[in-house]
Amino acid sequence: QVQLVESGGGLVQAGGSLRLSCVASGRTFNTLNIGWFRQAPGKEREFVAAILWSGGRTFYADSVKGRFTISRDNAKNTGYLQMNSLKPEDTAVYYCAALVKTPLGAGGTFYARANEYDYWGQGTQVTVSS
């Protein structure tokens with residue numbers, strides 16, 4: 001069983017930055033593909049970014065491209081989401097998710113589907129004030 005624990009959320013003014021962390025345990029981290037999703041009040045959970053187990057490929061939602069950066073440190077069993085130029089519409093609970101098996105050649109569309117992920121963290125609140 002994989003456990004994921006997010007941290008780093010908080011309250012920030014528009015234009016500010018936050019870095020979220022996701023620490024994994026229970027499985028060798030470099031076998032996990034990591035995704036970040038978010039859910040705002042009254043809205044469905046939406047894809048933010050994903051990074052493959054090797055760190056060699058990343059995918060982003062159009063809404064965060066150029067502002068957010070996903071990364072990982074396999075030696076520390078940790079994934080990261082650096083969020084810059086934050087906007088009030090980025091306010092949401094952010095979730096880290098882990099995906100073990102992927103079809104050969106899977107692309108961004110696959111990694112953006114929340115129901116493909118095997119494990120989820122408890123979420124961390126990000127609030128951006130205007």
Side-chain angles (χ1 to χ4, degrees):
Q1 190 73 7
V2 173
Q3 291 81 43
L4 302 172
V5 179
E6 304 97 332
S7 62
L11 174 64
V12 64
Q13 288 189 332
S17 298
L18 284 173
R19 188 176 80 157
L20 305 183
S21 298
C22 171
V23 178
S25 60
R27 187 182 177 99
T28 304
F29 188 66
N30 64 9
T31 65
L32 299 173
N33 303 286
I34 298 296
W36 287 94
F37 291 77
R38 65 187 182 187
Q39 187 166 19
K43 294 188 177 181
E44 292 189 354
R45 190 170 297 192
E46 65 171 357
F47 171 72
V48 176
I51 186 167
L52 270 60
W53 63 271
S54 64
R57 289 186 76 188
T58 57
F59 305 95
Y60 295 93
D62 288 342
S63 59
V64 306
K65 222 173 265 186
R67 299 188 298 123
F68 291 10
T69 302
I70 189 171
S71 63
R72 62 190 297 154
D73 185 338
N74 287 344
K76 295 183 178 179
N77 295 341
T78 303
Y80 303 99
L81 184 68
Q82 177 67 44
M83 306 185 296
N84 298 330
S85 302
L86 282 161
K87 305 174 181 179
E89 51 263 44
D90 294 318
T91 295
V93 177
Y94 283 70
Y95 297 91
C96 172
L99 172 58
V100 178
K101 293 183 179 180
T102 62
L104 186 64
T109 301
F110 175 84
Y111 290 99
R113 290 199 291 260
N115 61 3
E116 301 289 355
Y117 286 77
D118 303 299
Y119 306 100
W120 290 84
Q122 81 290 348
T124 185
Q125 177 71 47
V126 171
T127 302
V128 184
S129 63
S130 56

Taking atom CD1 of Ile70 and atom CD of Gln82, what is their separation to the nearest 0.5 Å?
-> 12.0 Å
Leu32 and Tyr111: same hydrophobic cluster, using ILVMFWY side-chain contacts below 4.5 Å?
-> no
Note, Phe110 side chain near Leu99 side chain (heavy atom, < 4.5 Å) = yes
Side-chain contact test, heavy atoms from C-beta onward, threshold under 4.5 Å: evaluate it for Val100 versus Val2 and give yes or no.
-> no
Pro88 and Ala14 have their tightest heavy-atom pair at CD-CB, 4.1 Å
Close side-chain approach of Arg19 to Tyr80, heavy-atom, < 4.5 Å | yes
Heavy-atom closest pair, residues Asn33 and Arg72 = CA-NH1, 4.2 Å
Taken to the nearest 0.5 Å, the spacing of Asp118 CG from Trp120 CH2 works out to 10.5 Å
side-chain hydrogen bond (donor to acceptor under 3.5 Å, both in side chains) partners of residues 46-60, not counting sequence neighbours, each pair once = Arg38-Glu46
Between Glu6 (side chain) and Cys96 (backbone), is there a donor-acceptor pair under 3.5 Å?
-> yes
Does Thr127 reach the main-chain N or O of Thr91 with its side chain, forming a donor-acceptor pair under 3.5 Å?
-> no
Does some side-chain heavy atom of Thr124 sit less than 4.5 Å from a side-chain heavy atom of Val93?
-> no
Measure the shortest side-chain to side-chain distance between Leu86 and Phe68 over non-hydrogen atoms and say whether it is less than 4.5 angstrom.
-> yes
Rounded to the nearest 0.5 Å, what separation is found between the OG1 atom of Thr78 and the CG atom of Leu20?
-> 12.5 Å
Could you state whether Phe47 and Val64 fall into the same hydrophobic cluster, counting links through intermediate Ile, Leu, Val, Met, Phe, Trp or Tyr residues with side-chain heavy atoms under 4.5 angstrom apart?
-> no
Criterion side-chain contact (heavy atoms from CB on, under 4.5 Å) on Phe29 and Lys76, from CA distance to verdict = CA-CA 9 Å; Phe29 188 66; Lys76 295 183 178 179; over 6 Å; no
Using a 4.5 Å cut-off on heavy atoms from C-beta on, say whether the side chain of Leu4 contacts that of Tyr95.
-> no
Would you call Lys87-Asp90 a salt bridge at under 4.0 Å N-O?
-> no
On a heavy-atom basis, the closest approach of Ser17 and Asn84 is OG-OD1, 2.9 Å
Side-chain heavy atoms of Leu52 within contact of Phe59, under 4.5 Å | yes
Evaluate the side-chain proximity of Trp36 to Met83: yes if any heavy-atom separation is below 4.5 Å, no if none is.
-> no
Check: Phe37 ring centre within less than 6.0 Å of Tyr117 ring centre | yes
Quick one: closest heavy-atom pair of Leu81 and Val48, and the distance?
-> CD2-CG1, 4.0 Å
Considering all heavy atoms, the nearest Lys43-Gln39 contact = O-NE2, 3.1 Å
